[in-house]
Structure formats: structure tokens, C-alpha cells
Amino acid sequence: MGAYGEFSRMKGKSIKLFMWGYQPHFRFEIEFCMNEVMKKFGVSEAGVECLLVGARIPGHQNPNGICVEPEDGKWPVTLFDGLLDTIEQEVLTHPLQKMFYSDGPSMQDKPGNIRRDVVRIAVQKALDTYDTEHAVRSFAGMPAPVNDHYVVPVIQLPDELFERFHVLREPISDGYVTGHPSLIHAAVSAVLAEAYDELLRPDPGRNSGRQMRSSKEVVLRAAESFMSTLRVITNPKGYGAPNLFERFNLISSLMYEGTEGTGRLLLAKPESKSANILLKFAEPISFREPRWCRKVLQMALSETALVADCERIFGLGTVAAGIDPWVSQDTFEIEFIEHYHWRLLCGEKVMLVSRHGSPSLPQEKFSQSRLLDIYQRLFPKATKEDAANFILLFKAAVKQHHGSMLIIAEDAEAEADRLRSQGTKIEPTRLTPDFYCHASAIDGAIIIDPCSVCHAIGVILDGPACPGNTPSRGSRYNSGIQYVNATDTSRLAIVVSDDGTVDVVPLLRPQIKRSAINKAITNLEAANKDNYHSAVNWLDKHRFYLSQVQCDRVNAALERIRDEPRETGEFWRIWSKFLTHPEMNDSYFESEVTN
């Protein structure tokens, strides 16, 4: 861990905090784990960052009171000015100071527990200003003593994630147990718990990848922990309730007389006025009887739902009139969609989705902003009205309960004539969402021009086989790829599969600024082995956009950094050589306005 402070740059050399060379690797392990967890939740670019903050343990003589890793200045030590004084003040007034435990070991542990809690809270508060200025949220984990310092692992996530995915109001507590406001919060907590356990081991970070749980295990623990929040809200002090994530997976996996389970279940406090029980069972059904629960799920129609309190099912009912569950946040819904597939909602807000036992966050069928970007790049002459009409058609397509395909082509009129023997050519007609719903009821693609004028329906597409074909994706998807790639004329295919999957062909990479690439390369060229990571990580994710000259500069910088002297036992990641991508061209760059 790089050290900052009054003595951190003596004779031009950074003083190391822990006297071991694995701190950056441990930090990267935390960051990597959190990023992998977010990917499994369906978020490929979560923007996770991690830092470590060290606060000197009282009585130790290390000249560095506060230390930060990384030491490249992104999180300057000045963020934590006065932290040690704050910690000492807060320790004296901590609520646990008045707590008396009846057993000796708990009383002995109390001072250490108080200090660790205070250190965590103090680091969290110290980052408040940084979070506001950089539109991020910091989550400080429990500190562990490592040599002379309490070390706090901190995970930062962009604010955008918490705007994109729904979050319950805080605090969530029954006075004894605290819940998580979202699946993301539960995942962060799980990763920080892994980090704390690793910090307690000798030489934390040395055996990178061998100690912390896999991202798959962390994902499951996070889902179980988040679902336990429902017990805190709907069944206070109900500590004996079953693992709800496990139970709902089991119920959704069971068949009843050859049919898959579909239906709804409301979770609410038994005395809550948010749910009306219309049919009450004489004896509630325990969730510990999954087959019985699956049987009564057959009774839960679209108008009514099973009503339960996280331990037992009481009967059939509905949300009370005038109640908005998202406002009250005391009533939740489990929607069993199909075999081994369910989701958790609060009102109309989807909080968690589980498919075959794998939890994820709710996903857009396809990002409309990205789709609009692709449409405008393929059809630059299209007007704002054309783009708005296209988005309406896209929304209609993804709402269908069956597969369909929409083709937008510059040569739509000519193609309708060419393929008239393989479909139904029609008089040019503006395609509306309602018209789309009717036309997509028959097999085959609908062909429109960029102005949303329809020229043919029910078309069986042609085109030669191409590298993008994959047998596992079905004929509709493969025919879309073949058709779009058969010509240089601009074409766009929206493919909606029977399982609800939405594919866009071609899936153009996002545009970026040239200046962003130049800045990252310049930062890498100015960096050393201790602070080059953020620059090379960014460049590694954006290899596609680099020119040959830029690749040469990156490779030279990495070679120079690789040859720097290293401490015994220090790791070095071998980066594959940066090479140009054959498909890269100027269309992938945003225009930059200069003053």
C-alpha cells in the first residue's frame, strides 16, 4: 500500500505501509471480484473501483498516520485530514460504550469492536465530499489490523447504477437486524466481507485468487442476503424463517400434474392493511412444505395472489385498494413466470430476477439509447420524427409474446420487390405499433425503410452463411445476420426470439472520443509500476479503437514499466500485445467540438 502523509516522500521514495508487496494485487482482487459479480447480475460495465485506507493503530509508531492504496493520487490523503482525531473522539461516544455483556469474552472484545466500527464509519464519512463531486457511492468495509494500521477496504460504484436499478428506502431495520436496500448493496456487503476475511490472514493478497470465494458463490450469498431483507420488513424478529431465495427457486422448479408453476405471491405482515385476504386457509401453509406451496400456487390467478409473511401462506388475496406498494414498501410480490423462473417486485419495480437458480438484476430488453445511436449511425439522413417512430416500433416488438423480426433497410422498396416470392409485398404504408402487432402474427420478417414505411411482411430472408452464424441461436437470429451481412447497403435487424431475447444486428460498438484515448496513453507513458494500472485497464477495455501508432506507444510504455526494478515476491501481470483491429474506422469516434 502506498503511503501518503508528512513523511511519505522522504528522499523521493515512497514509504511502504505494511512491508509486503501484495497490496495492489489484493485491491485488484476485490475490484475484479465485484466486477465479476456485477457481470453475473447482467451489468457488463459497472465501473467498479476499489481503494484501501489505513488508519494507524493507537500505540504504534509508524510515521504515516493515514495511508492510501493506490498512491497515484486519485484518492489523495488530504481526503482523510483529521481522521485519526475524529476516530478518537467517536470512540469515546460510541453507543456500545454503555453496553454491558454478561460474558467475559464479549466484554474483552468490546473495545476492539467499537474501534473497528468507528474507523469504518469515519472513513465512510470522509469520502462523502469525494462521492458528491464524482457522482459515485463509497462503501467502506470492516477494517482489519495489518501491521501498524487498521485497513479499510472501500468499494466505489457510479451513482448511475442506483438510478438505473431500484433501491428501497433506508434504513431497513427491525432494531436487531439490518436489511439491504438492493441486490447491489447486498453484493457489495458480501464482497467486503470476503475482503475482511482475507485481510485477517497472513500476507493478505499474496495468494491472489485462492482465498476469496468465487464470484458465483458471492452472487448466491448476495441474493440470499437480499431476500432476507424481506423477513426484516414483513416479519420482524422472525429469525427462524427459511432461506427465501432457496425456497422460491425450489417452488418454481416443481411441476404440478405436468404443468410448470406460474402465479403470484404477496409478502406482507400478517397484520398489514396493505393486503386483503379474500380466501383464508384454516391452517397456514409453511414454506417448509414446498410441494404443498407449489400445489396452492395453481390457485393464484392474475387477479389474485397467495398472501404470505415469509414463513407461512395464509390464503388468497390482493393488494388493498389505494395502496402503492412502492410508496409503503411493506408489501412485495413474487411473480412465478415459468419453470424455474421468478422475480421479486415492489409495486411495479423489479428488484431481482432468478432463472434456474441464478440471480440477476432486471434488464432492459435492449438499451434504447444504444439502439438509437446504432440507428442514427446506419441511417444518418433519418429525421428525429423517423427515430421516434422507430423506437415506438421497437417497443411494440419487444412486448410481443412470440418471436418476430423487424428489418430496417435503405433499399427496402427494392428488397420487397426482389423477395416478393418469399413473402407478401404490400403498398407502401406507414407502420404503426398496432399494425406491427398484427403483421408479426405470421412467420417471416417485416421490412421497412428508415422512415418506418412498410414494404413487405412475412418475408423469408436470404443471404449467404457468415461467421456470425451460430446453431444454438435458432434460424430467426441466423437469417437476420445473413441478410444484414449480405450487402454493404445499410440494414438493421431487430430479432425478438420466442424466449424474449432481443438481438440487434449489427451491434455497433459505442462511439468514443479520440481525446479519451490520447489522454489514457499519455497517462500510461507518464506512469510507473505503482500507478499505471488505471490507465492500462482502460486501454485494455478499449483496444478496438487504437491505431497502429497508438498501439506502438502503449506497447513501448508497458515494456518500460515491466523493466522497472521490483521487490522480491512482487507480481507482474503479463499484458498481451496491443494490435489494431481490422474493423476499426473513423465512424467509431465521436465528433469533438473545439472552441
Undergrad: Decide yes or no for Arg231 and Glu311: does some side-chain heavy atom of the first lie under 4.5 Å from some side-chain heavy atom of the second?
TA: no

Undergrad: What's the separation between atom CD1 in Ile337 and atom OG in Ser354, rounded to the nearest 0.5 Å?
TA: 10.0 Å

Undergrad: Which atom pair, heavy atoms only, marks the closest approach of Val307 to Gly317?
TA: CG2-N, 3.6 Å

Undergrad: Quick one, Thr234 with Asp330, criterion side chain to side chain donor-acceptor pair (under 3.5 Å). Give me CA distance, side-chain angles, the key distance, then yes/no.
TA: CA-CA 6 Å; Thr234 65; Asp330 63 354; over 6 Å; no

Undergrad: Taking the side chain as C-beta and beyond, is there a heavy-atom pair between Thr178 and Ile172 under 4.5 Å?
TA: no

Undergrad: Does any non-hydrogen side-chain atom of Arg56 lie less than 4.5 Å from one of Leu84?
TA: yes

Undergrad: With a 3.5 Å cut-off and no angle check, do the side chains of Gln97 and His94 form a donor-acceptor pair?
TA: no

Undergrad: Can you check whether His356 and Tyr340 have ring centres sitting under 6.0 Å from each other?
TA: yes

Undergrad: For the ring pair Phe139 and His185, is the centre-to-centre distance below 6.0 Å?
TA: yes

Undergrad: Under the side chain to side chain contact (heavy atoms under 4.5 Å, CB included) rule, what do Ile285 and Phe314 come out as? Steps first, then yes or no, please.
TA: CA-CA 7 Å; Ile285 301 171; Phe314 295 99; over 6 Å; no

Undergrad: Please report the shortest heavy-atom distance between Val319 and Pro325, naming the atom on each side.
TA: CG1-CG, 4.1 Å

Undergrad: For Arg221, is the CZ atom crowded, meaning more than 12 foreign heavy atoms sit under 6.0 Å from it?
TA: no

Undergrad: What closest approach, in Å, do Pro359 and Phe41 show between heavy atoms, and which atom pair accounts for it?
TA: O-CD2, 3.7 Å

Undergrad: Return yes when atom OH of Tyr130 has more than 12 non-hydrogen atoms of other residues, nucleotides or ligands closer than 6.0 Å, and no otherwise.
TA: yes

Undergrad: Report yes if some heavy atom in the side chain of Leu230 is under 4.5 Å from a heavy atom in the side chain of Leu344; otherwise report no.
TA: yes

Undergrad: To the closest 0.5 Å, what do you measure between SG (Cys50) and CD (Glu69)?
TA: 9.0 Å

Undergrad: With rounding to the nearest 0.5 angstrom, report the CG to CE distance, Asn249 to Met227.
TA: 9.0 Å

Undergrad: Any sub-3.5 Å donor-acceptor pair from Asp540's side-chain atoms to Val536's backbone N or O?
TA: no

Undergrad: Donor-acceptor check, side chain of Glu90 to backbone of Ile87, threshold 3.5 angstrom: yes or no?
TA: no

Undergrad: Keeping the roles fixed (side chain from Asn528, backbone from Asn531), state whether a donor-acceptor pair exists under 3.5 Å.
TA: yes

Undergrad: Between OG of Ser214 and CD of Glu36, what distance do you get to the nearest 0.5 Å?
TA: 10.5 Å

Undergrad: Check whether more than 12 heavy atoms from other residues, nucleotides or ligands sit under 6.0 Å from atom NZ of Lys110, and answer yes or no.
TA: yes

Undergrad: Taking Asn243 for its side chain and Phe245 for its backbone only, find out whether a donor-acceptor pair lies under 3.5 Å.
TA: yes

Undergrad: For Asp148 and Ile57: C-alpha separation, side-chain torsions, deciding distance, then whether side chain to side chain contact (heavy atoms under 4.5 Å, CB included) applies.
TA: CA-CA 6 Å; Asp148 297 328; Ile57 299 173; over 6 Å; no

Undergrad: Please answer whether the main-chain N or O of Gly59 pairs with a side-chain N or O of Gln61 as donor and acceptor at a distance below 3.5 Å.
TA: yes

Undergrad: Any donor-acceptor pair under 3.5 Å linking the side chain of Arg343 with the backbone of Ile334?
TA: no

Undergrad: Give the minimum heavy-atom separation between Pro362 and Val353, together with the two atoms involved.
TA: CA-CG2, 4.1 Å

Undergrad: Using a 4.5 Å cut-off on heavy atoms from C-beta on, say whether the side chain of Trp292 contacts that of Ile251.
TA: no

Undergrad: Do Leu52 and Val154 make a side-chain contact, defined as non-hydrogen atoms from C-beta onward lying under 4.5 Å apart?
TA: no

Undergrad: Taking atom types as modelled, find out whether Trp538 and Asn523 have a side-chain donor-acceptor pair closer than 3.5 angstrom.
TA: no

Undergrad: Do Val53 and Tyr150 come within less than 4.5 Å of each other through their side chains, counting heavy atoms only?
TA: no

Undergrad: Between Cys67 and Asn64, which heavy-atom pair has the shortest distance, and what is it?
TA: SG-CB, 3.4 Å

Undergrad: Run the numbers on Phe248 and Phe287 for ring pair (Phe, Tyr, Trp, His ring centres under 6.0 Å), then give the verdict.
TA: CA-CA 9 Å; Phe248 293 143; Phe287 279 125; 5.6 Å; yes

Undergrad: Between Thr86 and Gln89, do the side chains contain a donor N or O and an acceptor N or O under 3.5 Å apart?
TA: no

Undergrad: Is any side-chain N of the basic residue among Arg264 and Glu333 closer than 4.0 Å to the acidic one's carboxylate O?
TA: yes

Undergrad: Please walk me through it: do Phe281 and Ile313 pass side chain to side chain contact (heavy atoms under 4.5 Å, CB included)?
TA: CA-CA 8 Å; Phe281 300 145; Ile313 301 174; 3.9 Å; yes

Undergrad: Which heavy-atom pair separates Pro145 from Leu200 by the least distance, and what is that distance?
TA: CD-CD2, 4.3 Å

Undergrad: Walk me through whether Leu316 and Ile277 qualify under side chain to side chain contact (heavy atoms under 4.5 Å, CB included).
TA: CA-CA 6 Å; Leu316 286 168; Ile277 299 181; over 6 Å; no

Undergrad: Could you check whether Arg115 pairs with Glu88 (Lys NZ or Arg NE/NH1/NH2 to Asp/Glu carboxylate O, under 4.0 Å)?
TA: yes

Undergrad: Could you state the interatomic distance from CZ (Arg116) to CG (Asp109), rounded to the nearest 0.5 Å?
TA: 7.5 Å

Undergrad: Tell me if a side-chain donor or acceptor on Ser228 pairs with a main-chain N or O of Ser225 at a distance below 3.5 Å.
TA: yes

Undergrad: Just wondering, do Arg291 and Arg294 contact through their side chains at under 4.5 Å, heavy atoms?
TA: no

Undergrad: For residues 156-169, please give each side-chain donor-acceptor pair under 3.5 Å, one per line with the distance, not counting sequence neighbours.
TA:
| from | atom 1 | to | atom 2 | distance (Å) |
| --- | --- | --- | --- | --- |
| Gln156 | OE1 | Trp75 | NE1 | 3.1 |
| Gln156 | NE2 | Ser138 | OG | 2.9 |
| Asp159 | OD1 | Arg137 | NE | 3.4 |
| Arg169 | NH1 | Val327 | O | 3.1 |
| Arg169 | NH2 | Val327 | O | 2.8 |

Undergrad: How far does CG of Asp128 sit from CD of Glu133, to the nearest 0.5 angstrom?
TA: 11.0 Å

Undergrad: Looking only at atom types and distance, does a side-chain atom of Arg120 sit under 3.5 Å from a main-chain N or O of Met142, one as donor and one as acceptor?
TA: no

